[in-house]
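These notes concern the structure reproduced below.
Along the sequence shown, residues carry numbers from 1.
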Amino acid sequence: MMSFAAAALACLLPLAAAAPQGGGDPAKPGLLTPAERSTLRDKLAKFMLEDAEYSTTTDKERDKAARAREKAKEAFDAEWRKAEKKGNVLASMPDIRGIFENCFLLKAPSKTVGTHWNEKSKLTQMEYSYYLPKTYKANVPHLSMWLLPGRATADPASAFAKASEYFSATWDKSPLAGEAIFHIPNPIAGMEFDPIPDFGREADDAEEQRRITWMWGTYAETLNAFNVDRGRLFLDCGRGNCGFGLRFVSMFPDRFAGVILREPVAVDGLRLGSMAGVPVLMIKTAATAAAVDALRQRIEELAAGSVTVIDAVGEYPHKDLAPKLEEWIRSKRRNPLPTKVVVEPNHDKFNNAFWVDIVVADRLVNAAADKKPRLECSADRAANRITVKSVGIERFTIFLNDDLIDLDKEFTIVVNEKAITEKRSRSFRDMRENVIVRSDWELLFPVRYNVAVPK
């Protein structure tokens, strides 16, 4: 699975628990008290911070960092052993969620909150802006908006608005701006977004990589510096990039609580299967009515009830609709663990979602329309069964926890109607490393299972 920073770089470039008794029933309240979970979370966060410091130090500072890391690890291990006297904490998802929640320690911001700041990404040298609300606190996860500036005018040849100007035209001085973090990548001159690339052409593929780098390479800076609530991140797309926004969310569907399309366009050649269940809000005008109706039909066929349409008020970018948009935003939160996951790639390199990761598959450009790679995985905890439908895929990985199935028991994996029975041990280390790699404390999987699709 790919982290935020790793996704950008790709474009450029023992803690195991072993107590025997179970505790994975999601209906159970957990084994630990809130105070015990909090203590473990504090010690885990300290260890993860020291571990990150150690991984980036060299020469004389490395020995000092190693000692700090070992001290923090010993403190967490001691607390963990104490907790395990109550039972198998690693099998108790309420406890695991409480221990990992908000586990990344961050410093207070160095710049004034309630102010719009322009920056340049250290990773990519691309420009972006961010806005921290006056209420920002480094130890509190905040609702966050990833805002893509649209074109300044309806002329398809017009330039995209600058980040600061677009923020002023959309969310500035709104109630949402009083509590949300805003990340706004500054559009690159001459870059187009909505036309669906022909990945059989090297130039198209390279340009799409550049767009994705523009997105992740700037957002990684905001994510690493500020306390973004992983379950309340929204993508707000403007004129000239709504098609790209859908394409981007289809590549990374597990990152977003919802996507806003201020001027939707037709995306007839785009596969939308991976977006099943991602809430979408579209603003409808006379000019966009046909595109909105077509999109609503396609997305609702994937997941009924996931689309909201609002009639336009005033001129684009429809700042007068901010209260309605905000009401919709506040009603949404990402489901980090859907029992059914579809991965229907639009790009060969970005093909994982939630607890499913395609490892080896046919190339999209070479596959016939009905043979393009697609993976559908469903978890049935009552039957302790994972059912998989696979097309054009050779190998894939699934990540499991005790919310999806009972890992104390044998479970069944059915791939294209061929069943096998398995048993896997939970690993705290693997779960922690996955949280770090994905920079997401809600994606908690103590078991990783690799599957070869039967011929």
Side-chain angles (χ1 to χ4, degrees), residues 114 116 129 131 133-134 142-187 193-194 232-249 256-267 272 275 278-300 303-333:
H116 193 272
S129 295
Y131 177 89
K134 291 182 179 179
H142 291 259
L143 184 154
S144 300
M145 181 66 71
W146 197 338
L147 184 61
L148 302 187
R151 291 191 187 278
T153 73
D155 182 353
S158 66
F160 287 88
K162 293 293 184 183
S164 58
E165 296 170 357
Y166 196 70
F167 176 69
S168 297
T170 51
W171 290 107
D172 192 20
K173 296 181 173 56
S174 69
L176 191 71
E179 63 182 84
I181 298 169
F182 283 81
H183 172 84
I184 316 155
N186 224 18
F193 293 91
D194 278 351
R232 295 189 298 159
L233 172 65
F234 295 84
L235 182 66
D236 184 342
C237 307
R239 175 187 283 153
N241 55 44
C242 287
F244 169 73
L246 283 173
R247 197 160 75 242
F248 188 75
V249 174
F256 299 99
V259 56
I260 295 170
L261 307 177
R262 292 179 183 262
E263 192 164 295
V265 295
V267 289
L272 297 176
M275 286 188 57
V278 177
V280 177
L281 182 147
M282 294 186 281
I283 296 176
K284 185 176 183 179
T285 66
T288 63
V292 167
D293 292 343
L295 265 173
R296 175 163 51 185
Q297 180 177 345
R298 289 184 64 194
I299 297 171
E300 287 282 331
S306 58
V307 176
T308 300
V309 175
I310 297 177
D311 289 329
V313 174
E315 297 297 319
Y316 173 87
H318 313 295
K319 189 170 186 177
D320 291 342
L321 287 177
K324 287 189 176 182
L325 300 183
E326 183 174 337
E327 181 182 3
W328 179 82
I329 288 166
R330 294 188 188 283
S331 71
K332 306 300 178 188
R333 185 177 182 90

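- For the atom pair CZ of Arg298 and CG of Asp293, the computed distance is 14.0 Å after rounding to the nearest 0.5 Å.
- In terms of modelled atom types and a separation under 3.5 Å, the side chain of Lys173 and the main chain of Ser168 share no donor-acceptor contact.
- Considering every non-hydrogen atom in both Val292 and Met282, the closest pair reads O-CE, 3.5 Å.
- No salt bridge links Arg247 with Asp194; every basic N to acidic carboxylate O contact stays at or beyond 4.0 Å.
- By the 30° and 60° cut-offs, the orientation of the rings of Phe182 relative to Phe167 is perpendicular.
- Residues Tyr166 and Pro317 approach most closely at OH-CB, 4.1 Å, considering heavy atoms.
- By the 4.5 Å heavy-atom criterion applied to side chains, His183 and Leu147 are not counted as neighbours.
- Residues Leu143 and Ile181 have side chains not in contact (no heavy-atom distance under 4.5 Å, counting atoms from C-beta outward).
- Other residues, nucleotides and ligands contribute over 12 non-hydrogen atoms within 6.0 Å of the NZ atom of Lys332.
- Although no hydrogens or angles enter the test, the distance criterion places a donor-acceptor pair under 3.5 Å between the side chain of Lys319 and the main chain of Asp172.
- Within the 4.5 Å cutoff, the side chain of Pro185 has heavy atoms near those of the Trp146 side chain.
- Counting non-hydrogen atoms of other residues, nucleotides and ligands closer than 6.0 Å to CD of Glu179 gives a total above 12.
- Contact of the His318 side chain with the Val313 side chain is not registered, since no non-hydrogen atoms from C-beta on lie closer than 4.5 Å.
- Side-chain contact check for Pro149 versus Ile184: some heavy-atom pair is nearer than 4.5 Å.
- Salt bridge annotation for Glu263-Lys284: absent, with no cationic side-chain nitrogen under 4.0 angstrom from a carboxylate oxygen.
- Ser306 and Ile299 make their closest contact through OG-CG2, 3.5 Å (heavy atoms, listed as atom of the first residue, atom of the second, distance).
- Closest approach of Trp171 to Ser174, counting heavy atoms only: O-OG, 2.7 Å.
- When atom types are taken as modelled, the side chain of Asp236 and the backbone of Leu148 share no donor-acceptor pair closer than 3.5 angstrom.
- Looking at Arg151, its side chain never comes within 3.5 Å of a backbone N or O of Asn241 through a donor-acceptor pair.
- Formation of a donor-acceptor pair under 3.5 Å by the Glu300 side chain with backbone atoms of Gly305 is found in this model.
- Put simply, the side chain of Leu325 reaches to within 4.5 Å of the side chain of Ile310, judged on heavy atoms.
- The line from CD1 of Ile329 to CE of Met145 is 3.5 Å long, rounded to the nearest 0.5 Å.
- Leu261 has its side chain within reach of Leu295: a pair of non-hydrogen atoms, C-beta onward, lies under 4.5 Å apart.
- When side chains are defined from C-beta on, Ile260 counts as touching Trp328, because their heavy atoms get closer than 4.5 Å.
- Of the possible donor and acceptor atoms, none in the side chain of Thr153 sits under 3.5 Å from a partner among the backbone N and O of Ser158.
- Counting all heavy atoms, side chain and backbone alike, Gly238 lies closest to Arg262 at CA-CB, 4.3 Å.
- Here the OH atom belonging to Tyr131 is positioned 13.5 Å from the OG atom belonging to Ser144, to the nearest 0.5 angstrom.
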Go through the steps to decide whether Val280 and Met275 satisfy the test side chain to side chain contact (heavy atoms under 4.5 Å, CB included), and finish with yes or no. CA-CA 9 Å; Val280 177; Met275 286 188 57; 3.8 Å; yes

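- Relative to the six-membered ring of Tyr316, Arg239 meets both conditions, a distance below 6.0 Å and an angle of at most 45° to the axis.
- For the pair Gly245 and Cys237, the tightest heavy-atom approach, listed with the atom from each and the gap, is CA-SG, 3.6 Å.
- Taking the ring centroids of Phe234 and Phe256, they lie at or beyond the 6.0 Å cut-off.
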